[in-house]
Amino acid sequence: MTDFLELVVGATASGCIYALAALSYLLITRPTGIINFAVGEWAMLGAFGGFVALSRFALPYALGMAVIVVAMFFVGWATERLAVRPLVERGAPALAPILALLGMLVVFRELVSLGFGADPQPVPPSFGFGRLEIGPLAGSHQSFFIIGVTLSVFAAAWYFFERTLAGRSFEAVALDRRAAALMGINLRRVMSLAFAASAAVAALAGVLVAPNVSAHYLMGLPLAIQGFTALVIGGVGRVEGALLGGLILAFAEQFTVRYAPVPPGLAMGVPLVLLIVFLLLRPTGLLRAREARA
Amino acid sequence: MKSLAGFVLAALVLSAVAFVLGSYQTDVYRKLLLWITLALSYNFLFGIAGQVAFSHFTFYGIGAYAILILLFQLGLPLPLAIAAGIALCVVLALVVAIPATRLEGFYLALATLALAQLFIVVLNEGGKWTGASGGLANYRLPDVFGVRVTGPWYTVVIVLLMLGTLATLWRLDRSWFGRACRAVRDDPQAAQAMGVDVARTRVIAYALTSAMAGVAGMVYAFVDNTVNPPIFGLENAFLLLFMVIVGGSGRHAGAIVGAVLLYLMPLVLSPLIGHHHALVFGVFMVVVVLFQPSGLIGLWDALARRRSAP
């Protein structure tokens with residue numbers, strides 16, 4: 001039973017990481033319809049930011065994290081300015097920005113491998129490597145920290161989308177770009193903000209997961225795949241969907257590894273099979289977008 | 001008739017080249033031809049039929065592993081193994097195509113990306129069938145009726161494969177089917193209204209090009225005489241996409257230019273910048289998408305137009 005509960009905490013923590021990656025996709029996909037495969041590389045940049053700020057300069061954790069998030073906010077903003085906006089304004093086909101971002105993915109990854117080499121770099125956890133027990137639940141400090149941060153991010157995102165005017169304008173753009181523009185919503189600002197926020201969320205996922213896996217220039221793609229699997233499971237329509245999808249994915253993955261009689265290598269295929277099944281059977285995800293309200 | 005003569009001439013010239021190359025150059029030449037073959041069929045799938053699929057390189061791998069398993073684990077004779085391998089590629093391509101092509105736009109990209117990753121997982125866990133992470137090695141092409149195709153003659157086989165692929169896709173592009181594919185790419189609803197069976201066109205385009213990639217993979221299996229999972233990873237699937245886009249998607253000549261350029265670039269650049277040629281690929285890709293959406297072949301067209309204009 002303790003073993004089971006420990007697994008639950010671990011799975012919830014990795015589910016939260018996937019959920020953050022999924023949220024990062026969602027922030028861009030929802031208003032713009034663009035799937036940004038570079039989300040994983042943004043997380044990787046965040047992890048290396050963690051290495052530089054927390055390991056090399058040994059900043060206090062909270063300050064380091066704030067610096068990373070702000071820096072990545074600008075990276076996201078710059079990516080949109082550089083690789084997406086010229087295409088959207090020219091009226092290029094919908095595929096073009098996605099391909100440009102795919103190119104940016106390679107650029108980010110190779111720049112990091114150029115700057116930091118191919119070896120994994122350590123990133124410290126928030127509160128050391130200790131264990132924490134809350135009632136019957138036990139896990140590493142980092143696991144509880146990940147869960148806490150993710151829940152706050154999702155609460156903030158939910159509040160933003162549901163309760164603030166700026167958030168409602170995102171929703172309006174998602175429902176009908178043209179109508180939103182006619183109602184005086186600044187589409188450019190929504191796009192900039194979507195990319196910047198997405199990069200900041202992705203970086204957060206990277207910093208949080210880095211103590212467990214180390215910062216490595218190839219860490220992006222697996223995270224990108226897990227993130228969009230979570231997104232597809234939960235549905236692109238609602239913020240809560242990303243969280244739900246991430247948790248379902250992580251539990252399916254870890255319980256298969258632990259309890260199913262298949263070799264651990266094959267269990268790595270679980271998220272991929274889940275992704276294919278969901279795409280074929282339920283491409284809108286578990287949670288549907290709410291209907292437009294008057 | 002004129003184009004037939006052109007193909008025969010190209011076959012003679014490209015084959016003749018094979019007989020003057022040293023062993024390292026032969027290796028480069030063979031792989032270059034295979035990349036062109038793959039880029040041509042991927043160009044049909046991505047550029048002409050408009051399907052963003054990341055599974056093309058996976059079918060290349062399926063072909064390579066299939067022929068080896070049929071030959072050496074099931075002990076089939078070569079001609080039979082080739083026939084069975086082709087049949088297997090076609091069947092698998094159809095099995096994937098029928099559900100996958102129902103997916104709209106980016107969902108197809110996601111599903112095929114997952115399929116590509118799943119293939120690597122299966123290869124790594126395939127035990128003695130796929131040789132797990134070490135892959136398959138220590139084999140050679142068996143004899144057919146007492147003759148073993150080696151050295152430059154095997155290169156000739158690859159030349160014929162490449163030209164056969166080009167000829168088939170060329171004919172297809174100019175046929176009713178090619179125009180249907182372009183129509184479906186540009187506007188499925190309009191195509192439907194014009195009497196094109198959208199679903200069937202998509203399935204055939206996907207299955208046909210994927211099976212062609214599988215056949216190219218069968219030929220590849222005896223180029224390095226070893227296959228292992230990393231060869232068929234996502235890196236190469238991305239590279240294939242970059243080749244088609246940089247060259248100019250939707251154009252056969254573009255696919256050839258892109259494949260030649262991006263395949264040879266690392267060989268030229270690695271003395272200068274080591275293993276960071278991928279950075280150059282990425283920059284190339286972004287620049288082309290931003291400033292030259294019709295690819296390098298589009299630059300060529302613009303030049304030709306300017307020369308003929310006055």
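Every chain is numbered from 1, with letters handed out A, B, ... down the list of sequences.
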Pick one of side chain, backbone, both or neither for [X], based on which atoms fall under 4.5 Å of a heavy atom in chain B.
X: Leu221(A); value: side chain
X: Leu111(A); value: both
X: Leu280(A); value: both
X: Ser113(A); value: both
X: Phe108(A); value: neither
X: Leu114(A); value: both

Shortest non-hydrogen separation from [X] to [Y] and the atoms involved:
X: Leu110(B); Y: Leu275(A); value: O-CD2, 3.9 Å
X: Phe242(B); Y: Leu102(A); value: CZ-O, 4.2 Å
X: Gly103(A); Y: Met285(B); value: CA-CG, 3.7 Å

At a 4.5 Å cut-off on heavy atoms, which part of [X] comes close to chain A: side chain, backbone, both, or neither?
X: Leu103(B); answer: side chain
X: Phe291(B); answer: backbone
X: Ile245(B); answer: side chain
X: Phe284(B); answer: neither
X: Leu241(B); answer: side chain
X: Val287(B); answer: neither

Review point. So how far is it from Leu218(A) CG to Glu235(B) CD, rounded to the nearest 0.5 Å?
Key: 7.0 Å
**Study point:** Separation of Phe37(A) CZ from Phe238(B) CZ (nearest 0.5 Å)
**Key:** 7.0 Å
Review point. For chain B, which of Ala94(A), Pro86(A), Pro271(A), Ala100(A) has the most heavy-atom pairs under 4.5 Å?
Key: Ala100(A)
Exercise for review: Quick one: which of Leu95(A), Leu99(A), Leu82(A) has the most heavy-atom pairs under 4.5 Å with chain B, could you say?
Suggested key: Leu99(A)
Beyond-backbone contact of [X] with [Y], side-chain heavy atoms, under 4.5 angstrom:
X: Ile276(A); Y: Leu118(B); result: yes
X: Leu87(A); Y: Val289(B); result: yes
X: Pro293(B); Y: Arg90(A); result: yes

Point to revise | Among Ile120(B), Leu234(B), Val122(B), Leu290(B), residue most engaged with chain A (heavy-atom pairs, under 4.5 Å) | key: Leu290(B)
Check your understanding: Does Gln189(B) CD have over 12 foreign heavy atoms under 6.0 Å away?
Key -> no
